[in-house]
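Protein chains get the first letters and strands the later ones, always in sequence-line order, with residue 1 at the start of each.
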Protein chains: 2
Amino acid sequence: MPPRERATSLKDIAQALDVSYSLVSKVMGGNMGNTRARPEVVQAIQAKAREMNYQPHPLAGALKRGRKGAVGVLIHAMGEEGTEIASNLLRGISAGFDEHRLRLWLRFFESDDEFLEHFDKRARYDMDGVIVAGIAHPATFELIKKLHASGLPVVSVLEGSVIPEVANVMPDVQHQGYLATDHLLASGCKRIAHLVTTSAADPETSRRYRGFLAAHTRHGISPDPDLIFRAPNYKLSSGEEAVRQWLAQGLQFDGIVAQSDHQAIGAIHELLRRGIRVPDAVRVVGVDDSPLCLASPVPLTSVTAEWVTVGRHAADMITAEIDGERPASLMIAPHLVVRRSSTLQPQP
Amino acid sequence: MPPRERATSLKDIAQALDVSYSLVSKVMGGNMGNTRARPEVVQAIQAKAREMNYQPHPLAGALKRGRKGAVGVLIHAMGEEGTEIASNLLRGISAGFDEHRLRLWLRFFESDDEFLEHFDKRARYDMDGVIVAGIAHPATFELIKKLHASGLPVVSVLEGSVIPEVANVMPDVQHQGYLATDHLLASGCKRIAHLVTTSAADPETSRRYRGFLAAHTRHGISPDPDLIFRAPNYKLSSGEEAVRQWLAQGLQFDGIVAQSDHQAIGAIHELLRRGIRVPDAVRVVGVDDSPLCLASPVPLTSVTAEWVTVGRHAADMITAEIDGERPASLMIAPHLVVRRSSTLQPQP
DNA sequence: CTGAAAGCGCTTACAG
DNA sequence: CTGAAAGCGCTTACAG
């Protein structure tokens, strides 16, 4: 195995052109300060850099700037397994850092405890910032507040931007609920059942539910309150349980808007077990457009969550935050992916 | 937001104890060279470091050692979506780096092209090593050979350690096939159908198939060659197609060993559509123990792939490789997770 | 036995 | 208009 060639450094370029390497640094960094170099020198430097395939050493700059070169990513139980939410989010974050040519090290924490245990001892001196993603428990808010108060740059990826000082990026969940419901109403459903999933006591706090209501308003239809099932979580079992309850109460319904693909598939399982055909008798829509949609007994129509895009923005935002800027919060627009579970004619 | 406190540096400790910071560096690094400091000084330094909560700056050491602080991770289409293979592998890699207190930056590449496009220009001067994971296409081997020849440390995560000079870590796929088959034979199956998935012309090259054969040998049963289906991929459709073909040929079978959870679930879908009950008439086992197992119409028995553990070892190995060592290749032992698809009495 | 000094590759306030 | 110099936090060959 041959020895690896050394990468080009600022000094190599400076030497080749017989200028100081400070000048080269300024030109390459686009940060001239007082310096007003002659255009021909600037161009010569840029040309030489390209010729010698110069790549700035990622560690050196960060060290000089006082960076640690690390961003922690704390991912709470996020969506159900199999939805690849965490994976897509990380992919987006990683791509975002790459775009900035930033070399930020992702450290994954799977639990608050794991994170907090190390926070005072290590993490807070060990990283430049944190991205906190996941289900918005009250405990999560406390954690974010504490991090923010400690002076560590934080970006959150949570439903509902509840801490105004902390920049947040999320899929637009209200629009998810709207798109799913609008799709069923537009295709003729009259009585749509809905699974509301929220940790709060009041279902009204669910943004997807608000989207569900908004779509009904637009179509001039009033939803039946009895068809709103308070789901304890996003799992398959919630979907099964919802269908059991609606049927036990003798309710009629021709559509189901779930709040996760798991819930939707659980509902489909239960419907099929009862001999109720999907989509012929009941049309079903999930949320996440996860790989599970195709594993479902009937391919599942779903609304995307755009986690890769969310991750990209989270990376941009934490970078800006670390640079001392104040990035604004964002909502990412979802779209509908129609499959057989919601279409009366089989898809081609 | 209060200004962040500065982290303790070597100099802070040296100043507090009135020793040189070179000495502190040597003590903290456990790298004394010629230096033979008095034990009391060493202990005083260690105590002070703990007291002042010293955390070595991750960038400084790497810069000094000539590291780039980055490891590329090239993940080929790996398993089907929804299995979270990539996610688990990354989680393991990340945890492995953390354990070494290494700050290595993961850069994900989703395709060879994406990777190669940047390789000569950037990547090879830009990172300390690469982990290549995925399906072992001939093209992948070429890529790994090229990387290795270029002098860049490489660790592969591929089925079959085909390049002896390159350290490889993988789940023990032969043992996966063995465990799945042994489980069905031990519980009374006599005629087990199998999906062989291999890019090679000869099914014998499939290690899972060899495990399948080994289990039969152990139980003194000869498998029926007609029940071996050559699957083109690991998707649901392969499982459906296999069942259709076996039934069309009028073959009898009481068990199916698939080579992925998707294949197994596809087979279950097709069996149920034909009114063949699972597990009563046919018992089914998948591979990966992915979240899909619980989304299956009948909860799926599966063999684990231990991707997190594989990732941890991949991190250890690339680190050793970068440090100039020659780590040995590894196979990680799987285990069986029994669910309803393979048990005649329903699980409690 | 211990420390001063050079240097990893970069940035930037400052002097000329 | 340009460059010499100090310094980010560390490591290590070398001098005392």
Side-chain angles (χ1 to χ4, degrees), chain A residues 4 6-45 49 52-70 101-103 125-128 322-323, chain B residues 4 6-45 49 52-70 101-103 125-128 322-323:
Chain A
R4 293 180 64 190
R6 202 174 59 73
T8 307
S9 78
L10 284 182
K11 276 185 186 158
D12 298 324
I13 299 176
Q15 223 156 26
L17 292 172
D18 204 34
V19 293
S20 78
Y21 69 91
S22 346
L23 221 212
V24 180
S25 168
K26 288 169 193 165
V27 170
M28 296 317 294
N31 192 345
M32 301 300 282
N34 297 327
T35 310
R36 298 271 77 216
R38 273 171 301 157
E40 66 231 59
V41 178
V42 171
Q43 273 169 23
I45 290 175
M52 299 181 76
N53 190 22
Y54 171 69
Q55 303 301 336
H57 190 117
L59 264 32
L63 175 62
K64 183 62 189 158
R65 291 198 191 91
R67 297 289 165 72
K68 299 303 169 68
R101 306 236 33 198
L102 275 173
R103 318 299 294 280
Y125 304 110
D126 218 33
M127 43 200 210
D128 300 317
I322 292 167
D323 287 341
Chain B
R4 292 181 66 190
R6 204 174 58 74
T8 308
S9 78
L10 284 182
K11 274 186 188 159
D12 298 324
I13 300 176
Q15 222 156 27
L17 292 172
D18 204 33
V19 292
S20 78
Y21 69 90
S22 346
L23 221 211
V24 180
S25 169
K26 288 169 193 164
V27 170
M28 295 318 295
N31 193 345
M32 301 300 283
N34 297 328
T35 309
R36 296 274 78 215
R38 274 170 301 158
E40 66 230 59
V41 178
V42 171
Q43 275 168 24
I45 289 173
M52 297 181 76
N53 189 22
Y54 171 68
Q55 304 300 337
H57 190 118
L59 263 32
L63 176 62
K64 183 64 188 156
R65 290 198 191 91
R67 297 288 165 72
K68 299 302 170 70
R101 307 236 34 198
L102 276 171
R103 318 300 294 281
Y125 304 108
D126 217 32
M127 43 200 209
D128 300 317
I322 292 167
D323 286 342

Selected nucleotide, minimal atom distance to A:Val41 side chain, candidates C:dG3, C:dT11, D:dT2: D:dT2
How would DNA chain C look in dot-bracket form, 5' to 3', counting Watson-Crick and G-U wobble pairs with both distances under 3.5 Å and writing | for bases paired to another strand? |||.||||||||.|||
Scan B:Ser25 against the nucleic acid and name what it touches under 4.0 Å (heavy atoms): base, sugar-phosphate only, or nothing. base
Candidates C:dT11, D:dG3, C:dG3 - which lies nearest the side chain of A:Leu10: C:dT11
When you measure from the side chain of B:Lys64, which nucleotide among C:dC8, D:dT2, C:dA13 comes out closest? C:dC8
Per nearest nucleotide of DNA chain C, the residue lying toward the 5' end, A:Lys11 or B:Val19, is B:Val19
Length of the line joining B:Glu40:CD and C:dC1:C1', which is rounded to integer Å: 11 Å
With a 4.0 Å limit, can you tell me whether B:Tyr54 has a side-chain N or O closer than that to the phosphate oxygens OP1/OP2 of D:dC10? yes
From CZ of B:Arg67 across to P of D:dT11 the rounded distance in Å is 12 Å
Straight-line distance of A:Leu63 CG to B:Lys64 NZ, nearest 0.5 Å: 12.0 Å
Which one, D:dC10, D:dT2, C:dC10, comes nearest to the side chain of B:Ala60? D:dC10
Quick one: pull up CG in B:Leu59 and CZ in A:Arg67 and give me the separation to the nearest 0.5 Å. 10.5 Å
What is the separation between atom OH on B:Tyr21 and atom P on C:dA4, rounded to the nearest whole Å? 9 Å
Looking only at N and O atoms, is any donor in the side chain of A:Lys26 or the base of D:dG3 less than 3.5 Å from an acceptor on the other one? yes
From B:Arg65 atom CZ to B:Asp323 atom CG, the distance as rounded to the nearest 0.5 Å: 8.0 Å
Among the candidates D:dC8, C:dC8, D:dG3, find the nucleotide nearest to the side-chain atoms of B:Leu63. C:dC8
In whole angstroms, how far is the C1' atom of D:dG3 from the CD atom of A:Gln15? 15 Å
Distance, rounded to the nearest Å, where A:Arg65 contributes CZ and C:dG9 contributes P: 17 Å
For A:Asp12 and A:Met52, which heavy atoms make the closest approach, and how far apart are they? CB-CE, 3.8 Å
If I take atom CG in residue B:Asp128 and atom P in nucleotide C:dG9, what distance separates them, rounded to the nearest angstrom? 13 Å
By the definition side chain to side chain contact (heavy atoms under 4.5 Å, CB included), identify the one residue from A:Leu17, A:Ile13, A:Val41 that meets it with A:Val24. A:Ile13
Could you pick out which residue, B:Asp18 or B:Gly66, lies toward the 5' side of DNA chain C when each is mapped onto its nearest nucleotide? B:Asp18
So, taking the atom named CG in B:Leu10 and the one named CD1 in B:Ile45, what distance separates them when rounded to the nearest 0.5 Å? 9.5 Å
Round to a whole Å and report the spacing from CG of B:Leu59 to P of D:dC10. 11 Å
Look up atom NZ in B:Lys11 and atom OH in B:Tyr21, then write down how far apart they are to the nearest 0.5 Å. 5.0 Å
From the list C:dT2, C:dC10, D:dC10, which nucleotide is the closest neighbour of the side chain of B:Pro56? D:dC10
Please classify the nucleic acid contact of A:Ser22 as base, sugar-phosphate, or nothing, using heavy-atom distances under 4.0 Å. base
